[in-house]
Amino acid sequence: MLLWVALCCRIMNDWLDIMNDWLDILNPPQREAVTHVDGPALVIAGAGSGKTRVITYRVAYLVRECGVAPWNILAVTFTNKAAEEMRERVARLIGEKTPGRLSISTFHSTCAGVLRREATRVGLTANFTICDEHDQHAVVKTVVRELGIDDKEIKPRQAQWIINQAKMRMLGPSDVGRILQSKHEQEYVRIFEAYNKVMARSDACDFEDLILKCVELFQGNDEARQEWAARWPYIMVDEYQDTNFVQYQLLAALAREHRNLCVVGDEDQSIYSWRGAEISNLLDFRENFPEARLIRLEQNYRSHGNILSAASHVIERNRERLGKTLWTERPDGPPLYLIRARTDRDEAGEVVSRIQELHDSHGLPYHEIAVFFRANALSRVVEDRMREWSVPYRMIGGIRFYDRMEIKDLLSYMKLAANPNNDISMLRVINTPRRGIGQKSIDAVLEEAGAKNQTMFVTLKQMAAENRLPRGGKKSVAEFLGLLETWRADVGKLSPSTLLERILSDTGYIEALGDENAIEVVTRRENIDELKASIVQWEKEYLNATLDDYLEMVSLTSATDDFDQKAGAVSLMTVHAAKGLEFSCVFLMGMDNEIFPNRRSIEEGSLEEERRLFYVALTRAKDMCVLSRADSRFYNGRQSWNQPSMFLRELPREKIEDVDEMDYNAVSDFCAVRRQLREDVVREAVGDDEDLLIGGMKSAEREAQRRLDERIIDARRRARQRRDEEKTAGTDELRPGVRVRHPLLGVGEILSAENAGDDRKLSVLFEDGSEETLYARFARLKVIEA
DNA sequence: TACTATCCTCTTTTT
DNA sequence: GAGGATAGTA
């Protein structure tokens with residue numbers, strides 16, 4: 001036990017990185033990247049090569065060894081989760097008590113922060129609203145209707161898509177007009193223009209605007225650009241392969257003089273081209289920054305050899321790559337397994353029963369297991385099976401908490417209190433709960449607002465003052481406006497949670513939900529309680545934060561951000577959501593043509609990105625990877641029959657076996673070692689801090705795995721040596737005093753030997769103390785020492 | 001104006 | 001299969 005405490009303490013130390021030679025933990029290329037200080041650098045970091053470690057260590061290195069102030073470093077990621085994790089790790093490395101002073105955040109929140117400061121320079125107010133895609137869709141829809149465009153001819157979704165794609169490339173309506181030629185397509189230009197007008201009028205930004213407006217500010221106002229560039233003399237970017245044009249422009253504007261831009265990425269994991277990501281940003285980095293240092297991280301610390309070589313084999317078919325060769329010190333481990341099922345239900349059943357087997361009989365914790373699929377729609381079948389068999393699971397992604405109807409309603413009220421000119425929120429709640437303001441009244445207000453180019457709030461006030469409201473809604477509108485005014489007046493004084501309470505009681509929202517015994521209403525009420533609790537929690541965490549801060553956090557939180565691997569549950573998610581994560585055992589479902597790769601990519605011949613996605617899925621697995629498919633499945637509302645995925649044929653044949661051959665040793669070895677790393681021992685080493693405990697366990701597991709692998713490698717090496725050294729024993733060599741090895745019984749010493757016919761009868765004392773009588777011809781003994 | 005029933009379309013991935 | 005739009009009814 002004492003030994004384990006000692007071991008755990010050592011692991012803790014590793015993990016807390018409080019050793020003096022804190023950089024010793026890095027391998028040579030990692031170290032090179034971490035200690036690269038001035039000038040641009042491009043770090044090509046293969047899957048599982050310690051990318052996050054490099055980024056966090058480099059930030060820490062700049063602070064600890066180069067005297068750079070934490071707030072002078074900007075580290076950009078794509079998800080809040082990645083930012084959060086990085087912030088914690090850096091804070092630990094530099095012993096920073098207030099990690100808030102570190103500028104580690106997503107592109108979107110970084111830019112939102114800049115815009116709040118620079119509001120007046122970009123034509124916004126400091127409490128502008130951030131619209132998510134739902135809000136955006138609503139705006140586009142109203143715009144389409146207002147312009148009198150037939151939404152059967154022009155789909156609002158399509159228009160929204162074009163607007164976003166244009167903004168990512170810094171193209172305005174007129175550019176779109178030039179690119180899209182047909183008369184029919186010119187409607188998009190009108191929609192785009194009108195959309196921008198509504199957004200400007202509402203003092204609102206969509207996701208793309210956040211970045212776009214920053215870049216426009218920096219490009220149009222050199223003073224502002226230089227101020228911000230001076231604030232962040234060191235810039236790091238994670239997942240650089242996922243940056244789009246406008247994001248590149250942002251980085252380029254900030255780094256123009258100091259050029260301290262260190263980007264980390266992997267072209268093989270570029271899976272967001274549909275969101276404008278330009279893989280060329282990575283591939284051409286050295287054309288834009290010719291003096292950039294190129295560093296490759298090619299050692300994989302995550303996967304068994306077989307998983308890694310299967311994945312590498314797949315990705316080698318791609319042409320759009322710089323090329324790299326990942327290698328691992330880990331042993332081969334088991335091959336990949338394939339589940340072939342008749343139907344999607346059978347497929348899911350087989351997956352779930354394998355999961356139970358892994359967990360119940362081999363001790364693999366649920367949180368080390370994940371199920372991936374190409375599209376969200378595929379999750380249903382597994383979820384059903386999981387519930388049926390009582391396997392705890394968590395669906396990552398899917399609908400965000402903040403996207404639930406009642407939550408959106410209440411947040412809209414809060415947004416209106418912060419900024420009553422937000423027409424999007426106004427439309428959402430003007431008649432929720434019902435207050436008799438019907439479609440007719442709303443249309444009238446909208447029409448007048450559009451004509452005068454002013455917001456609904458302003459228009460409503462005018463109409464109320466001039467007594468021009470439609471009869472039905474007159475009184476309620478007056479009341480509603482009154483409420484808005486009082487909330488607005490109190491925003492500065494009230495905390496977000498008290499404001500929410502006020503809104504709930506003033507509007508009677510909860511009562512209006514209806515019968516409190518209806519299941520649906522019960523869940524809605526629960527959600528509202530959860531919202532209240534989460535705001536209170538948030539206020540405790542960020543003491544001086546304002547309502548705007550809260551609303552910004554909510555808008556920029558994604559469905560995958562609240563993912564928490566410590567929950568004792570299997571993780572279910574799309575392959576996209578899986579990027580950056582790792583699990584002992586990964587199940588990848590729906591390996592069928594038209595599913596993965598999906599139909600669109602086959603039709604468009606854009607298979608490289610699908611293949612990268614497949615590569616990402618495979619490289620998440622540490623010990624075991626199970627693929628599954630079904631001959632027929634229920635998809636898109638009807639039965640379909642699919643051929644096995646073409647990607648299955650791209651796997652090396654010798655690396656994939658039927659699931660019935662499954663060898664659980666890969667995980668049970670891991671689990672055995674893990675069992676020795678008892679949680680209570682780790683707890684003793686780290687105290688009661690839950691995060692430390694989880695981090696400690698994870699790092700202890702990693703250490704356990706490393707030791708296990710080391711043992712396996714070592715045993716193999718010795719076995720090889722023995723094979724070379726040992727000669728097959730001739731019978732004449734078998735005489736008393738000679739040490740021999742028996743394939744089953746181990747090492748022993750010959751006590752006596754006598755000829756028996758043409759064989760030799762031996763008595764051998766083995767190391768475990770047993771004495772055996774053996775016949776030399778059958779025993780296949782090998783002489784170790786004569 | 002409010003509520004319900006039925007039909008239609010669209011489903012890749014998400015900050 | 002689910003959400004949204006539309007039409008019909010109270």
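Letters A, B, ... mirror the listed sequences (proteins, then strands); counts begin at 1. In what follows, every heavy atom counts, from backbone to side chain, and hydrogens, waters and symmetry copies are set aside.
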Practice task
Determine if A:Phe107 stacks with B:dT15; use a centre-to-centre distance below 5.5 Å and an interplanar angle below 30° as the criteria.
Solution key: no
Handout entry: Nearest to side-chain heavy atoms of A:Lys155, which nucleotide of B:dC10, B:dT15, B:dT13
Key = B:dC10
Problem - Lys/Arg-Asp/Glu bridge criterion (N-O < 4.0 Å) met for A:Glu406, A:Arg524 - result: yes
Practice task
Calculate the interatomic distance between A:Glu208 atom CD and B:dT15 atom C1'; express it in whole Å.
Solution key: 8 Å
Practice task
Check whether any side-chain N or O of A:Ser270 sits under 3.5 Å from a backbone N or O of A:Glu267 as a donor-acceptor pair, and report yes or no.
Solution key: no
Practice task
Tell me, please, which residues at least two apart from A:Phe128 pass ring-ring contact (aromatic ring centres under 6.0 Å, His included).
Solution key: none
Exercise for the section: Could you tell me whether A:Glu347 and A:Arg633 have a side-chain N and a carboxylate O separated by less than 4.0 Å? Expected result: yes
Handout entry: Sidechain N-carboxylate O distance under 4.0 Å for A:Glu320, A:Arg612
Key = yes
Exercise for the section: Quick one: list whatever passes side chain to side chain contact (heavy atoms under 4.5 Å, CB included) with A:Val122, sequence neighbours left out. Expected result: A:Leu115, A:Leu124, A:Leu217
Handout entry: Partners passing ring-ring contact (aromatic ring centres under 6.0 Å, His included) against A:Tyr272 (at least two apart in sequence or in another chain)
Key = A:Trp274, A:His576
Handout entry: Non-neighbouring partners of A:Asp242 that pass salt bridge (Lys or Arg N to Asp or Glu O under 4.0 Å), sequence neighbours left out
Key = A:Lys579
Fill in the blank from the handout: Residues at least two apart in sequence or cross-chain that pass ring-ring contact (aromatic ring centres under 6.0 Å, His included) with A:Phe207, listed by chain then number, are A:His108
Practice task
Using the criterion of both pairing distances under 3.5 Å for Watson-Crick and G-U wobble pairs, give all stems of 3 or more consecutive pairs involving DNA chain C.
Solution key: B:1-10 with C:1-10
Exercise for the section: Measure the distance from CD1 on A:Ile104 to P on B:dT15 and round it to the nearest whole Å. Expected result: 19 Å
Problem - Rounded interatomic separation in angstrom, taking CD from A:Gln165 and P from B:dT14 - result: 15 Å
Problem - Separation of the C1' atoms in C:dG4 and B:dT13, to the nearest angstrom - result: 22 Å
Exercise for the section: List in chain and number order the residues that pass salt bridge (Lys or Arg N to Asp or Glu O under 4.0 Å) with A:Lys213, two or more places apart in sequence or in another chain; answer none if no residue qualifies. Expected result: none
Exercise for the section: Scan side-chain atoms only and decide if A:Gln136 and A:Gln160 contain a donor-acceptor pair under the 3.5 Å cut-off. Expected result: yes
Practice task
Measure the distance from CG on A:Asp209 to P on B:dT15 and round it to the nearest whole Å.
Solution key: 18 Å
Handout entry: A:Asp135/A:Lys415 ion pair, N-O < 4.0 Å
Key = yes
Fill in the blank from the handout: To the nearest angstrom, the CG-P distance between A:Asn164 and B:dT15 comes to 14 Å
Handout entry: Any residue meeting ring-ring contact (aromatic ring centres under 6.0 Å, His included) with A:Tyr542, in chain and number order, not counting sequence neighbours
Key = A:Trp538
Practice task
Classify the nucleic acid contact of A:Asn376 as base, sugar-phosphate or nothing, counting any heavy atom under 4.0 Å across all strands shown.
Solution key: sugar-phosphate
Practice task
Could you state the atom-to-atom distance from CG of A:Leu250 to P of B:dT15 in whole Å?
Solution key: 19 Å
Pick out the pairs of N or O atoms, protein on one side and nucleotides 2-5 of chain B on the other, that lie under 3.5 Å.
from: B:dC3; atom 1: OP2; to: A:Arg434; atom 2: NH1; distance (Å): 2.1

Handout entry: Salt-bridge criterion met for A:Lys167 and A:Asp206 (N-O under 4.0 Å)
Key = yes
Practice task
Would you please confirm or rule out a distance under 4.0 Å between OP1 or OP2 of C:dG1 and any side-chain N or O of A:Arg380?
Solution key: yes
Exercise for the section: Select base, sugar-phosphate, or nothing to describe what A:Phe78 touches, counting heavy atoms under 4.0 Å on all strands. Expected result: sugar-phosphate
Handout entry: Rounded distance in Å - CD (A:Glu609) to C1' (B:dT13)
Key = 9 Å
Practice task
Give a yes or no on whether a salt bridge exists between A:Asp592 and A:Arg629, defined as a side-chain N under 4.0 angstrom from a carboxylate O.
Solution key: yes
Handout entry: Contact under 4.0 Å: A:Thr574 side-chain N or O vs B:dT14 OP1/OP2
Key = yes
Problem - Distance, rounded to the nearest Å, where A:Trp161 contributes CH2 and B:dT13 contributes P - result: 12 Å
Exercise for the section: Would you jot down, in residue-number order, the residues of residues 588-606 of chain A having a non-hydrogen atom under 4.0 Å from DNA chain B? Expected result: A:Asn598, A:Arg600
Exercise for the section: Say whether A:Gln269 and A:Tyr615, considering side chains only, have a donor N or O and an acceptor N or O under 3.5 Å apart. Expected result: no
Could you go through nucleotides 4-6 of chain C and list every protein N or O atom that sits under 3.5 Å from one of its N or O atoms, giving the distance for each pair?
from: C:dA5; atom 1: OP1; to: A:Lys141; atom 2: NZ; distance (Å): 2.9

Exercise for the section: State plainly whether the residues A:Glu603 and A:Arg600 are in salt-bridge range, i.e. N to O under 4.0 Å. Expected result: no
I'd like a table of atom pairs between the protein and nucleotides 8-10 of chain C - only N or O on both sides, under 3.5 Å - with the distance next to each one.
none

Problem - Side chain of A:His576 (C-beta onward), nearest among B:dT15, C:dA2, B:dT13 - result: B:dT13
